[in-house]
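Encoded as structure tokens, the structure appears first; notes follow it.
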Amino acid sequence: QVQLVESGGGLVQAGGSLRLSCAASGRIFSINSMAWYRQAPGKQRELVAAITSGGRTNYADSVKGRFTIARDNGENTVNLQMSSLKPEDTAVYYCNVEGNLYHYWGQGTQVTVSS
């Protein structure tokens, strides 16, 4: 059984920083990418940042220059360093792992940024 466990969410004031971590357990084969998504109240789930096995990264325009994604392929861990947080970053953040034949999601961790 594969499980993704997110950690690091919490409350922070605008301008502050948080570091999210996602650890995958169980056997996972042929990982193509790991990513962070988020869903705010009343909004669709959106891609925040992704990183491929080759180190290629993608970021949502709204977080470019503020968030950094990093992946440890050997440990199947992905981190999201979030800086200069804004109230609009408030959302549930979900870890995602993608392979050729599978797609796994974590249960999410709440990030709340106060103004």
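Numbers here simply count residues along the sequence, with the first being 1.
Remark: K43 pairs with no residue by the salt bridge (Lys or Arg N to Asp or Glu O under 4.0 Å) rule, at least two apart or across chains. Here R66 pairs with D89 under the salt bridge (Lys or Arg N to Asp or Glu O under 4.0 Å) rule; sequence neighbours left out. For E98, the salt bridge (Lys or Arg N to Asp or Glu O under 4.0 Å) test picks out no residue, with sequence neighbours left out. Among residues two or more places apart in sequence or in another chain, the side chain to side chain donor-acceptor pair (under 3.5 Å) test is passed with N58 by none.
Between C22 and W36, some side-chain heavy-atom pair lies under the 4.5 Å cut-off. Residues E6 and L20 are not in side-chain contact: their nearest non-hydrogen atoms beyond the backbone lie 4.5 Å or more apart. Looking at I31 and N76, their side chains come closer than 4.5 Å, going by heavy atoms from C-beta outward. In this structure, Q81 and S17 have side chains that are in contact, with non-hydrogen atoms separated by less than 4.5 Å. V12 places none of its side-chain heavy atoms less than 4.5 Å from the side chain of T112. Using a 4.5 Å heavy-atom threshold, the side chains of L18 and L85 count as touching. Between Y59 and I51 the shortest side-chain heavy-atom distance does not fall below 4.5 Å.
In this structure a side-chain-to-backbone donor-acceptor pair under 3.5 Å is missing from S21 to N79.
Between the OH atom of Y93 and the CE atom of M82 there is a distance of 5.5 Å, given to the nearest 0.5 Å. Atom OG of S115 and atom NZ of K86 lie 14.0 Å apart (nearest 0.5 Å). Interatomic distance, CZ of R71 versus OG1 of T57, reported as 12.5 Å (0.5 Å rounding). From M34, atom CE reaches atom SG of C95 across 5.0 Å, with rounding to the nearest 0.5 Å. Distance check, rounded to the nearest 0.5 Å: CG of L80 to OG1 of T68 gives 8.0 Å.
Clustering of Ile, Leu, Val, Met, Phe, Trp and Tyr by side-chain heavy atoms under 4.5 Å joins L47 with Y37, V92, Y94, W105. With side-chain heavy atoms closer than 4.5 Å counting as contact, directly or through intermediates, L11 stands alone and belongs to no larger hydrophobic cluster.
For R19 and S7, the side-chain atoms include no donor-acceptor pair closer than 3.5 Å. Judged purely by distance below 3.5 Å, without hydrogens or angles, the side chains of S30 and N100 never pair a donor atom with an acceptor atom.
By the 6.0 Å contact criterion, CD on Q107 is open, its count of non-hydrogen atoms from other residues, nucleotides or ligands being 12 or less.
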If you apply the rule side chain to side chain contact (heavy atoms under 4.5 Å, CB included), what do you find for I69 with V78, and how did you get there? CA-CA 7 Å; I69 188 169; V78 63; 3.6 Å; yes
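Hydrophobic clustering keeps Y104 apart from V5 (ILVMFWY residues linked when any side-chain heavy atoms are closer than 4.5 Å, directly or through intermediates).
Nearest heavy-atom pair, A91 versus R38, reported as atom, atom and distance to 0.1 Å: CB-CB, 3.8 Å.
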